[in-house]
Protein chains: 2
Amino acid sequence: MPNSDGARPRRPTLNDVAARAGVSRALASLVIRRAPGPSEESRTRVLQAADELGYRPDPSAQVLRSHRSRLLGVTLTVHDTFHADLVEAIYPAAAALGYEVLLTAVTPTRAEDEAIDALTASRCEGLILLGSVATPARLRELGATLPVVVLGRGAGGGKAAVDTVRTVDAAGLGRAVDHLVGLGHRRIVHVDAGRDAGAAERRRGYRDAMRRHGLDDLARIVPGRYTEQAGGDAARVLLDEPALPTAIVAANDRCAVGVLDAFLRAGVRVPQDVSVVGFDDSQLARLHHIDLTTVRQDAARMASLAVGAAAERLDDGRTDARDITLDPELVVRGTTAPPVTRRRAT
Amino acid sequence: MPNSDGARPRRPTLNDVAARAGVSRALASLVIRRAPGPSEESRTRVLQAADELGYRPDPSAQVLRSHRSRLLGVTLTVHDTFHADLVEAIYPAAAALGYEVLLTAVTPTRAEDEAIDALTASRCEGLILLGSVATPARLRELGATLPVVVLGRGAGGGKAAVDTVRTVDAAGLGRAVDHLVGLGHRRIVHVDAGRDAGAAERRRGYRDAMRRHGLDDLARIVPGRYTEQAGGDAARVLLDEPALPTAIVAANDRCAVGVLDAFLRAGVRVPQDVSVVGFDDSQLARLHHIDLTTVRQDAARMASLAVGAAAERLDDGRTDARDITLDPELVVRGTTAPPVTRRRAT
DNA sequence: GGGACCGTTTGGAACGTTCTAAACGTGGAG
DNA sequence: CTCCACGTTTAGAACGTTCCAAACGGTCCC
């Protein structure tokens, strides 16, 4: 029965359980944590006592003594729908390997380092960073402290101390450009994401693809970020110019939505006047208002590979860094079409 | 320098710091936690030693001994943009009161109870539940264990053991209906959210408003949830019927977007053919593709009230339950318009 | 009959911190 | 010169768990 006087009852400890079961604290401990050894009889006695008392182990004491928490920390941008997809997939993947997950948000007012601090302070054994903007040096430093998996970008090459799981971003942008060129586009602009996670890779993929199609001269990158706001800003830059490109490849879906948004307000029709391609295939892209042609990343697979990588380091003692890459796939929806053929007035 | 052989170096402890500073562990502890007492000289000596060693207190040991973690746990639905708004506001609010925040997601595969378990297991001192679907009984039980603040719904009335911070949902729905009636609508349908957080209250607000306008007979509720999927399903139910209503008030923005989506595919124009109103004024609603007329909730204010309520219980020892309510505000955008006046063929 | 061995159980130390109460050194009052 | 008060420092217990090595009670074998 809940006590009504506001005084919280003392939590039962392992000593209480052991006393009630008539065994030693050590034996009770073995039973509780399912260690081999205890006889069937002790096991049932202890479990029953624990149940009757409503015993729950004190995690602080457990961690203090055992140095294990089986906790993985995850940083995310809470407004990013693709991060949401990843997080939803991380939970079952972690559970399958016996890990719990702790989340912490990176926000405009809360830098990644703060978020990481909160996770390590909460005794996480491993870190999974979504959309990390940490420098290679910082990652190396972190990786020396605990297992770190970076999702969605590389770790700066060379002897990295952290694992990475990512889509081959460059290939993804290549497919996007191929698709547009196939439709007949030539003036294809890339709205990039500056120093955001994986942006450099996507930029490179864009440049390479343009070159491959002999469109070096038409290649153009407008600075942006992985946000709707930045996409809108970039689109407004283009709208202020005398002529629009015929197609835009945005750094990710959110950025693409920002571009769409600005065009819509300006009366520019998509895809009739301009084609737009995103990146991620987040749930946002699938909304039928938006119906965005985009480069798909396999969130479920990325999540389970990331958790697996962390677990390998923690449980199997792996120490060499892994860089796991997945192939992206283009999903053609309604925001891309052949460019308008300008007809001369007769 | 990072060690390259994979062996993690032993973390320095308070003993190491004390030894290096040439003082006792107790004194070092006082300095580290900024307690009054230590002389200026000891303070600088200890801090310098701590700095040189890169000392960081072990949170598990701190909690074990002091029984305080200054940690607030927050549950959220990771795909809900309004929850994202709330979370972004919770961080600075908590920081202002000296608390850290831990997040955990409720997903289709991970029930709220699991999420709450993870938070209490992570030594959170207080809980803030976003979109909680816990029963009043369960909340009472939880509230007897630690301070709990429920955001966005009531706690089941009577002697609740938890605090609540919420918008007066009924009033919000009232404003939505008033607005539509003002435009000339009469056949106004509510797509509700079943047993989701706050849905009952919104349902009641809808019914009351319809009655107030003498539209009892036209009142109709189509079952839904707080998701795009549910909104789409509800819209398809309506589309299968001989005649559409002229306006729809959805349970929240996500649900409204689902409705818009289904209408768009079916060739129903919004707002020309049907008006749609959402709830929350999440960032989703503000996207110009969507441009949703909606009921605004003040996320920043709700967040800071929630954190404040938890802190009051933890720091000031308040034990009586609070039910804090905020007034909503209607934001008129592009998805509402007067209903079409059917012209008879001449 | 005495070890050796096995499965099971146990006491006590240890983890890194905070808490409590007492000890310390110094200076001023009696 | 002693005593007390005060500001500062300290030793040691405590928090609740896990780890370690040793103890226990049988059974089996020589």
Side-chain angles (χ1 to χ4, degrees), chain A residues 8-47 49-50 53-71 98 100 120-125 145, chain B residues 8-47 49-50 53-71 98 100 120-125 145:
Chain A
R8 316 233 175 255
R10 194 179 65 83
R11 245 171 91 147
T13 87
L14 203 47
N15 263 329
D16 302 330
V17 173
R20 173 176 268 250
V23 301
S24 72
R25 185 183 55 243
L27 178 53
S29 172
L30 292 175
V31 171
I32 292 295
R33 70 186 127 105
R34 299 176 164 72
S39 66
E40 196 48 41
E41 196 205 327
S42 329
R43 165 173 305 276
T44 55
R45 295 248 311 260
V46 169
L47 288 180
L53 293 173
Y55 169 76
R56 299 238 321 207
D58 180 322
S60 296
Q62 286 183 309
V63 173
L64 178 60
R65 181 62 246 222
S66 71
H67 298 285
R68 293 238 39 186
S69 67
R70 302 206 70 84
L71 219 49
E100 283 278 1
T120 55
S122 291
R123 70 194 212 290
C124 289
E125 296 186 83
T145 315
Chain B
R8 315 238 174 252
R10 193 179 65 83
R11 248 171 86 146
T13 89
L14 202 47
N15 262 330
D16 302 329
V17 174
R20 171 175 270 250
V23 301
S24 73
R25 183 182 59 242
L27 178 53
S29 172
L30 290 174
V31 171
I32 291 296
R33 69 186 128 103
R34 301 175 161 71
S39 66
E40 196 48 41
E41 195 206 329
S42 324
R43 165 173 304 278
T44 55
R45 295 248 311 260
V46 168
L47 288 181
L53 293 174
Y55 170 77
R56 298 235 323 205
D58 180 321
S60 296
Q62 286 184 308
V63 173
L64 178 59
R65 180 63 246 222
S66 71
H67 299 285
R68 293 237 43 185
S69 67
R70 302 206 70 85
L71 219 50
E100 284 277 3
T120 55
S122 292
R123 67 191 215 289
C124 289
E125 296 186 85
T145 316

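A quick note: this is a predicted structure, and the numbers were derived from the prediction, not measured. Per chain, numbering begins at 1; letters A, B, ... match sequence-line order.
Checking side-chain atoms of B/Arg123 against main-chain N and O of A/Pro59 turns up no donor-acceptor pair under 3.5 Å. Put simply, the side chain of A/Arg20 never gets that close to the backbone of A/Ala49: no donor and acceptor are under 3.5 Å apart. A donor-acceptor distance shorter than 3.5 angstrom exists from the side chain of A/Arg11 to the backbone of A/Pro57, with no hydrogens or angles considered. A/Ser42 places no side-chain N or O within donor-acceptor distance of the main-chain N or O of A/Pro38, the cut-off being under 3.5 Å.
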* List the steps and the verdict of side-chain hydrogen bond (donor to acceptor under 3.5 Å, both in side chains) for B/Thr13 and B/Arg25. => CA-CA 10 Å; B/Thr13 89; B/Arg25 183 182 59 242; over 6 Å; no

* Audit row: A/Arg43, A/Ser39, side-chain hydrogen bond (donor to acceptor under 3.5 Å, both in side chains) steps and yes/no -> CA-CA 6 Å; A/Arg43 165 173 305 276; A/Ser39 66; over 6 Å; no

* For side-chain hydrogen bond (donor to acceptor under 3.5 Å, both in side chains), just list the numbers for A/Arg65 and B/Ser60, CA-CA rounded to whole Å, side-chain angles, deciding distance to a tenth of an Å, and then say yes or no. => CA-CA 9 Å; A/Arg65 181 62 246 222; B/Ser60 296; over 6 Å; no

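With rounding to whole Å, A/Leu27 atom CG is found 16 Å from D/dC20 atom C1'. Protein atom CZ of B/Arg45 is 14 Å distant from nucleotide atom C1' of D/dT8, rounded to whole Å. In this structure, A/Arg43 places its CZ atom 10 Å from P of C/dT9, rounding to the nearest Å.
Among the protein residues, B/Pro38 comes within range of the sugar-phosphate backbone only, with heavy atoms under 4.0 Å from sugar or phosphate atoms but none that close to a base. Among the protein residues, B/Val63 comes within range of no part of the nucleic acid, since none of its heavy atoms lies under 4.0 Å from any strand.
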* To do: Any chance you could list the contact pattern along nucleotides 13-19 of chain C? Use B for base contacts, S for sugar-phosphate-only contacts and - for none, protein heavy atoms under 4.0 Å, 5' to 3'.
  => BBBBBBB

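B/Ala18 approaches B/Ala28 most closely through the heavy-atom pair CB-CB, 4.0 Å. Looking at every heavy atom in both residues, B/Val17 comes nearest to B/Val46 through CG1-O, 3.9 Å. For A/Leu14 against A/Tyr55, the heavy-atom pair with the smallest separation is N-CE1, 3.5 Å.
Under a 4.0 Å N-O distance rule, the pair A/Arg68/A/Glu125 qualifies as a salt bridge.
Between the axis at the start and the axis at the end of the helix from C/dG1-D/dC30 to C/dG30-D/dC1 there is an angle of 70°, using five pairs per end and rounding to 10 degrees.
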Could you go through nucleotides 22-25 of chain C and list every protein N or O atom that sits under 3.5 Å from one of its N or O atoms, giving the distance for each pair?
none

